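Just so it is clear, the model here is predicted, and its values are computed rather than measured. We name chains A, B, ... by the order of the sequence lines, and we start the count at 1 in each one.
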There are 2 protein chains.
Amino acid sequence: MDQVEIFKALSNKTRLQILNWLKEPALNFPDQPNADFENVGVCVGQIQNKAGLSQSTISEYLSILQRADLVSSTRVGQWTYYKRNKEGIKQLSKIINSEL
Amino acid sequence: MDQVEIFKALSNKTRLQILNWLKEPALNFPDQPNADFENVGVCVGQIQNKAGLSQSTISEYLSILQRADLVSSTRVGQWTYYKRNKEGIKQLSKIINSEL
DNA sequence: AATATATATCGACTTTTCCCGATATACCAA
DNA sequence: TTGGTATATCGGGAAAAGTCGATATATATT
């Protein structure tokens, strides 16, 4: 994964917030019907509600975060659930410590 | 410091390279006359030579990195020396570990 | 099959970033 | 004080990102 793409993904207030929210899904998305946060994550609509931007924008943002390996997604029925990608974030931490 | 600004500063290949070069100045800038890298850093011209972009662009890039607290500068005579800002980079590491 | 809902993709417009050359400023040397 | 070198700032054109509404696609329900 290109390092620049990772930092670009993080260069946006809303995307940083989303990542931060996904760290504590139970706390930040109490309204989600499917509350199996650990395994599946949070669905796009919930994230959109909280962020207050358009549906298309949030969908786009989530795919930017996913391309940067910062989140991962699972489709269940008509919903797509996104969650933090621990591995990718650990990688980022490693980059910072070894190259910057 | 605004987190978004930090990540924006890192969202560019050349700026990432500069930061990486400044981690090992003696290795990466063997031609610099003033070789007191630890205390003063590397001057703009040397960085420009290595990066291969215009003088104005590199000067701008260095000030972007400085605004993000990733480097610091010292003026000595007609030269401005830039070096890594350990403290700022540690802060960044902390952000990643606590918020992402 | 028809309809409803959730998400993704498209096209467009605006704002920001990239990067340059030209010029200004700061300092040094003669 | 005149000229030379290093860096900073300014103005601009091209490319990328931000964000939207409209539309397409996938799935579920009836």
Hey, what's the ring geometry for Phe7(B) with Phe7(A), parallel, tilted or perpendicular (30° and 60° as the breaks)?
parallel
Can you check whether Asn12(B) has a side-chain N or O nearer than 4.0 Å to OP1 or OP2 of dT17(C)?
no
For the side chain of Lys8(B), counting heavy atoms from C-beta on, which of dA22(C), dT17(C), dA16(D) is nearest?
dT17(C)
Counting just side-chain N and O atoms, does Tyr61(B) come under 4.0 Å of either OP1 or OP2 of dC19(C)?
yes
Glu60(B) CD to dC20(C) P, straight-line distance once rounded to whole Å:
12 Å
Side-chain (Asp69(A)) to main-chain (Gly88(A)) donor-acceptor, under 3.5 angstrom:
no
Separation of dA6(C) P from Ile47(A) CD1 (nearest whole Å):
14 Å
Toward the 5' end of DNA chain C, by each residue's nearest nucleotide, Ile58(A) or Ser56(B):
Ile58(A)
Is Leu53(A) touching bases, backbone alone, or none of the nucleic acid, heavy atoms closer than 4.0 Å?
sugar-phosphate
How long is the gap from CG on Leu92(A) to CD1 on Ile96(B), to the nearest 0.5 Å?
4.0 Å
OP1 or OP2 of dG21(C) sitting under 4.0 Å from any side-chain N/O of Ser54(B)?
no
Once hydrogens and angles are ignored, does a donor-acceptor distance under 3.5 Å link the base of dA8(C) to the side chain of Gln55(A)?
yes
Heavy atoms under 4.0 Å, any strand shown: does Thr14(A) hit a base, just sugar-phosphate, or nothing?
nothing
Using modelled atom types and a 3.5 Å cut-off, is there a donor and acceptor pairing between side-chain atoms of Asn85(B) and backbone atoms of Ser72(B)?
no
Separation of atom CG in Asn49(B) from atom C1' in dT5(D), rounded to whole Å:
14 Å
Between Ser59(A) (side chain) and Gln55(A) (backbone), is there a donor-acceptor pair under 3.5 Å?
no
Report the distance from atom CG of Asp31(A) to atom P of dA6(C), rounded to the nearest whole Å.
14 Å
DNA chain D contacts made by residues 70-84 of chain A, counting heavy atoms under 4.0 Å:
Gly77(A), Gln78(A)
Between C1' on dG18(D) and CG on Leu16(A), what's the gap in Å once rounded to a whole number?
15 Å
Atom-pair distance (CD on Gln17(B); P on dC18(C)), nearest Å
14 Å
Leu65(B) CG to dT17(C) C1', in whole Å, measures 14 Å
dist Ile18(A):CD1 -> Leu62(A):CG (nearest 0.5 Å) comes out at 5.0 Å
Could you state the CD-C1' distance from Gln48(B) to dC19(C), rounded to the nearest angstrom?
12 Å
Indicate every side-chain donor-acceptor pair of residues 73-81 of chain B with a distance under 3.5 Å to a residue at least two apart or in another chain.
from: Ser73(B); atom 1: OG; to: Gln66(B); atom 2: NE2; distance (Å): 3.1
from: Arg75(B); atom 1: NE; to: Gly77(B); atom 2: O; distance (Å): 3.2
from: Arg75(B); atom 1: NH2; to: Gln78(B); atom 2: O; distance (Å): 3.4

